[in-house]
Every structure is written in C-alpha cells, then in structure tokens.
**Q** 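A single structure is presented below for examination.
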Amino acid sequence: MQNELKPGDLVRLNSGGPLMTVGQAGGQPSEWRCYWFDKTDRKQADFPEVALERAEKAIGNRAVSVKY
C-alpha cells in the first residue's frame with residue numbers, strides 16, 4: 001500500500017475537500033470507505049487509495065482545531 005492507511009486515519013482527497021476519517025476497506029481492492037460530516041449529515045463514500053492523502057500532509061503538519 002502506497003499510503004499505508006488504516007481505520008481511524010484522517011485523510012483528504014488529493015484534489016481537496018473536507019477532512020474525512022478512514023473507516024474500513026472499500027468494496028474494491030485498494031479502496032477505502034471514508035466518512036465525513038456535511039453540517040449534521042454523516043456522509044460516506046469509497047475512494048481509491050491513490051486519491052487520498054493523510055491529513056497531516058494535507059494540512060502541512062500543523063495542529064488543527066476541530067469543532068463538533
């Protein structure tokens with residue numbers, strides 16, 4: 001695995017978008033099911049691993065404050 005992702009990791013699409021949590025392997029090889037919130041609605045989708053980057057890389061290793 002290129003990124004060595006695991007459930008619980010924070011990720012973002014390489015092209016940008018919301019922070020997402022890796023949940024489990026997706027329906028296809030090298031895919032991950034990711035979860036995120038759109039206001040109060042929980043969303044989920046499967047993404048190819050090559051389309052994801054770890055959140056630490058996406059935000060430049062800065063500390064991030066997340067409000068719930």
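In this chain, residues are counted from 1 in sequence order. This one's a predicted model, so the numbers in the text were calculated from it and none came from an experiment.
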**Q** How long is the span from the CG atom in D38 to the NZ atom in K43, to the nearest 0.5 Å?
**A** 5.5 Å
**Q** So, for Q44 and Y35, which heavy atoms are closest and what is the spacing to 0.1 Å?
**A** OE1-CE2, 2.9 Å
**Q** Would you say the side chain of D9 lies within less than 4.5 Å of the side chain of R54, judging by non-hydrogen atoms?
**A** yes
**Q** Check G23 against P7 and note the closest heavy-atom contact, atom names and distance.
**A** O-CB, 3.3 Å
**Q** How close do G17 and R12 get, heavy atom to heavy atom, and via which atoms?
**A** O-NE, 2.7 Å
**Q** Would you please test L13 and E53 for side-chain contact (heavy atoms from CB on, under 4.5 Å) and show each step?
**A** CA-CA 6 Å; L13 288 172; E53 62 184 6; over 6 Å; no
**Q** Any salt bridge (charged side-chain N to carboxylate O under 4.0 Å, His left out) pairs touching residues 19-36, not counting sequence neighbours?
**A** R33-D46
**Q** Run the side-chain contact (heavy atoms from CB on, under 4.5 Å) test against A45 and tell me which residues pass, sequence neighbours left out.
**A** W36, F47
**Q** Please give me the minimum heavy-atom distance between L10 and T21, naming the atom from each residue.
**A** CD2-OG1, 3.7 Å
**Q** One pair to check against side-chain contact (heavy atoms from CB on, under 4.5 Å): V11 and L5. What are the steps and the verdict?
**A** CA-CA 9 Å; V11 296; L5 296 175; 3.8 Å; yes
**Q** Begin from the C-alpha positions of V50 and S30 and carry the test side-chain contact (heavy atoms from CB on, under 4.5 Å) through to its verdict.
**A** CA-CA 8 Å; V50 297; S30 298; over 6 Å; no
